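Chain identifiers are assigned alphabetically (A, B, ...) following the order of the sequence lines, protein sequences preceding nucleic acid strands; residue numbering begins at 1 within each chain. Please read all numbers here as calculations on a predicted model, not as lab measurements.
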2 protein chains.
Amino acid sequence: MPDLSIKPAIIADTLAEEIIRGDLVQGARLAQDHIAARFQCSHVPVREALQRLVQMELATAIPRKGVRVFKLSDQDHDEILEMRLSLEPLALRRAVTRATSQDYANMEVFRHACDKADDAISWERANRLFHLAILQPCDRPRLLSQIEQLQRLSAIRFHTRWKTTWSRTSDADHSAILKAIKRADEKAACAILVRHLSRG
Amino acid sequence: MPDLSIKPAIIADTLAEEIIRGDLVQGARLAQDHIAARFQCSHVPVREALQRLVQMELATAIPRKGVRVFKLSDQDHDEILEMRLSLEPLALRRAVTRATSQDYANMEVFRHACDKADDAISWERANRLFHLAILQPCDRPRLLSQIEQLQRLSAIRFHTRWKTTWSRTSDADHSAILKAIKRADEKAACAILVRHLSRG
DNA sequence: ATCTACATTTTTATAGATAAAAGTGAAGCC
DNA sequence: GGCTTCACTTTTATCTATAAAAATGTAGAT
């Protein structure tokens, strides 16, 4: 969770969500003055916000030429998937052995939110939170935040591709993963997760 | 490679190296005015430089309280090693199948630099470049930069622990890895790398 | 009509000034 | 003596202004 007491954090947070959703089109220019006017501040905090977006890989900066919304190529997507397939099982194995009933409850919340979602945007958000929730108990902060970043990038792709054709479905994989986690079956949980992500 | 035409990049780059080497002690305060005076600029570019350090995980920021040099715990080290053991083989497998003779030559340069190094700092630098060089041909930019970050953090630990007791040695693992890469033996290359990293 | 050179405009990068929050320390009180 | 309060200092966060670089558009030449 970013700190929202500081302007750059607020601005970066807002823009990040818009980029993920596809409200800001890939390659679009992010001009300092324009954003400053929108958030009613000078462009100094905007510069810091843009830097945060660059660090999240949601934007690309070219010195003295400005920053643009990140363009996600097919090759980027392959790489991201590969990294997720490597890191998420790593986190999941640890999470399975450490999860408490409180953690289970938390996972269920987002599984439910996925199934109940009735538009692509809210489904994707819930999905992302679910996939993070099942890994949360792993107790590896930097592993989690790296995965979170990859999941955000995956979300961009989802929105650009299936935003319009999305339709509500109950996700069988999600419940299967949850069941495996609850019976502390790392092997099964990881296997299903890997299959689930590969289909993405 | 960071762009050095812009002040925040220059400042961040310099401070990063100092943090890695341990010149800046863990937990030490990074005050804007002080750094601004040192680099003869206002504190606006300093703020951006500090943000970059935070993004590299070389520093920790607390809003309205300032930023301090990152403190690396034993648990952090475990996590970093775990991630490296997961990501570096992933990169290495791809690198092995893609490496050209030009790449081999590049790897040799840094292997040599390691063996020739006669102080801990230059050895560590060469070592880091070697470990990156063997993965470079993988053609996965974000995987590489993530690994680079983890290697930087490993370097901090090296310097805090073995800076004083370091003595020159020829690294058998390094040449074994290179040989395996040159005969396109992914399995062996990964196995040696994993063992090599685990001994840390 | 197209290209080049130059002037104009726009945008980024940095400086300097100001506001606001946090830290510091001394005086007074229990 | 130790604790609290309040003024003072320091430091962070933000704004406004300026410098510098890039983009844009126009006029003139071929």
S.K.: A:Ser42 has a side chain; which of D:dT12, D:dA13, D:dT16 sits nearest to it?
M.R.: D:dT16

S.K.: B:Lys65 side chain N/O closer than 4.0 Å to the phosphate oxygens (OP1, OP2) of C:dA21?
M.R.: no

S.K.: Salt bridge between B:Arg128 and B:Glu124, side-chain N to carboxylate O under 4.0 Å?
M.R.: yes

S.K.: For the side chain of A:His34 and the base of C:dT11, is some donor closer than 3.5 Å to an acceptor across the two?
M.R.: no

S.K.: If you compare every side-chain N and O of A:Gln40 against the phosphate oxygens of D:dC15 (OP1, OP2), does one of them come in below 4.0 Å?
M.R.: no

S.K.: Given that A:His43 and B:Arg64 both sit by DNA chain C, which one's nearest nucleotide is further toward the 5' end?
M.R.: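 Upstream on the strand: A:His43.
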
S.K.: What is the distance, to the nearest angstrom, from the CD1 atom on A:Ile6 to the P atom on C:dA20?
M.R.: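 Distance check: A:Ile6 CD1 to C:dA20 P gives 14 Å.
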
S.K.: Would you find more than 12 non-hydrogen atoms of other residues, nucleotides or ligands less than 6.0 Å from B:Gln26 atom CD?
M.R.: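 For B:Gln26, atom CD is crowded (more than 12 foreign heavy atoms under 6.0 Å).
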
S.K.: Give the nucleotide from the list C:dA15, D:dT14, C:dT12 with an atom nearest to the side chain of A:Pro8.
M.R.: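 Closest nucleotide among those given: D:dT14.
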
S.K.: Do the side chains of A:Ile11 and A:Cys41 get nearer than 4.5 Å, heavy atoms only?
M.R.: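 Of all side-chain heavy-atom pairs linking A:Ile11 with A:Cys41, at least one is under 4.5 Å.
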
S.K.: Can you name the residues that form a ring-ring contact (aromatic ring centres under 6.0 Å, His included) with A:Phe130, not counting sequence neighbours?
M.R.: A:His174

S.K.: Could you tell me how far apart A:Asp33 (CG) and C:dT14 (P) are, to the nearest whole angstrom?
M.R.: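 Nearest whole value for this atom pair: 16 Å.
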
S.K.: Looking only at side-chain N and O atoms, does B:Arg47 come under 4.0 Å of OP1 or OP2 in D:dA13?
M.R.: yes

S.K.: Counting only side-chain nitrogens and oxygens, does A:Arg29 get under 4.0 Å of the OP1 or OP2 atom of C:dT10?
M.R.: no

S.K.: Nearest to the side chain of A:Pro63, heavy atoms from C-beta on, is which of C:dT12, C:dT14, C:dA13?
M.R.: C:dA13

